[in-house]
Amino acid sequence: QVQLVESGGGLVQAGGSLRLSCAASGSTFSSYAMGWFRQAPGKEREFVAYISWSGGVTSLTHSVKGRFTISRDNAKNTVYLQMNSLKPEDTAVYYCAAGPRGSSWPSSYDYWGQGTQVTVSS
């Protein structure tokens, strides 16, 4: 079992930055790939980024490349999503997830956090 708790969301103006954190507990964090997903009102949950268990492989969805960075600190059992140059269309609830391998498919992940709201004003 893995428990995930996201933090770092909030309200920011367009062009601003936020860093989301996802703290894991309960099992061997370093054995899991980690993903970030987001869900805007009335829309399906969409993939944002994933990182392999070692941190050696990352992937980001096209719309955030060059603006977002995913990283992890296995010593702190935490994965991060650094979000720069935020746009109003980035507004959503952001979720972290843990699974056996990195994937853009939500069904590939076994554990999910409760989400943190990110709101970008224009």
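For the single chain, residues carry numbers from 1 onward in sequence order. All values reported here derive from a predicted model rather than from experimental measurement.
- Taking the six-membered ring for Trp and thresholds of 30 and 60 degrees, Trp112 and Phe37 have ring planes inclined between 30 and 60 degrees apart.
- If you take CD on Glu89 and OG on Ser63, they are separated by 8.5 Å, rounding to the nearest 0.5 Å.
- In this structure, the side chains of Tyr32 and Val2 come closer than 4.5 Å at one or more pairs of heavy atoms.
- Counting only distance, with no hydrogens or angles, the side chain of Arg45 and the backbone of Gln39 share no donor-acceptor pair below 3.5 Å.
- A donor-acceptor pair under 3.5 Å links the side-chain atoms of Thr78 to the main chain of Lys76, judged by distance alone.
- Put simply, the side chain of Ser54 gets close to the backbone of Gly56: a donor and an acceptor are under 3.5 Å apart.
- In terms of heavy-atom proximity, Pro88 sits nearest to Ser122 at CG-CB, 3.8 Å.
- Between Val120 and Thr91, the shortest heavy-atom contact is N-OG1, 2.9 Å.
- For Arg101, there are no side-chain contact (heavy atoms from CB on, under 4.5 Å) partners, not counting sequence neighbours.
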Please report the C-alpha distance between Lys43 and Arg38 in whole Å, then the side-chain angles of each, then the deciding distance to 0.1 Å, and finally whether the side chain to side chain contact (heavy atoms under 4.5 Å, CB included) criterion is met. CA-CA 10 Å; Lys43 295 187 177 182; Arg38 64 187 180 186; over 6 Å; no

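- Within the structure, the ring-ring contact (aromatic ring centres under 6.0 Å, His included) test picks out no pair touching residues 57-102 (sequence neighbours left out).
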Test side chain to side chain donor-acceptor pair (under 3.5 Å) applied to Gln117 and Thr119, step by step: CA-CA 6 Å; Gln117 177 70 47; Thr119 303; 3.3 Å; yes

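- For the atom pair CG (Leu60) and CZ (Arg67), the distance works out to 10.5 Å, reported to the nearest 0.5 Å.
- Leu81 and Trp53 are assigned to two separate hydrophobic clusters, defined by single-linkage of ILVMFWY side chains at heavy-atom distances under 4.5 Å.
- Of the residues Val118, Asp90, Thr116, the one that meets the side-chain contact (heavy atoms from CB on, under 4.5 Å) test with Leu18 is Val118.
- Hydrophobic clustering of Ile, Leu, Val, Met, Phe, Trp and Tyr side chains at less than 4.5 Å, counting indirect connections, keeps Val79 apart from Val93.
- Between Gln3 and Gln1, some side-chain heavy-atom pair lies under the 4.5 Å cut-off.
- Checked by atom type and distance alone, the side chain of Tyr109 pairs as donor or acceptor with a backbone atom of Ser103 at under 3.5 Å.
- With Trp36 as reference, Val48 is the one residue of Val64, Val48, Ile51 to meet the side-chain contact (heavy atoms from CB on, under 4.5 Å) rule.
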Show me the donor-acceptor pairs within less than 3.5 Å that the side chains of residues 6-17 make with the rest of the protein, sequence neighbours left out.
residue: Glu6; atom: OE1; partner: Gln114; partner atom: N; Å: 3.0
residue: Glu6; atom: OE1; partner: Gln114; partner atom: NE2; Å: 3.4
residue: Glu6; atom: OE1; partner: Gly115; partner atom: N; Å: 2.9
residue: Glu6; atom: OE2; partner: Cys96; partner atom: N; Å: 2.8
residue: Glu6; atom: OE2; partner: Gly115; partner atom: N; Å: 3.3
residue: Ser17; atom: OG; partner: Asn84; partner atom: OD1; Å: 2.9

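- Tracing side-chain contacts under 4.5 Å through hydrophobic residues (I, L, V, M, F, W, Y), one reaches Leu20 starting from Met34; they form part of the same cluster.
- Here SG of Cys22 is found 10.0 Å from CG of Asn77. Values are rounded to the nearest 0.5 Å.
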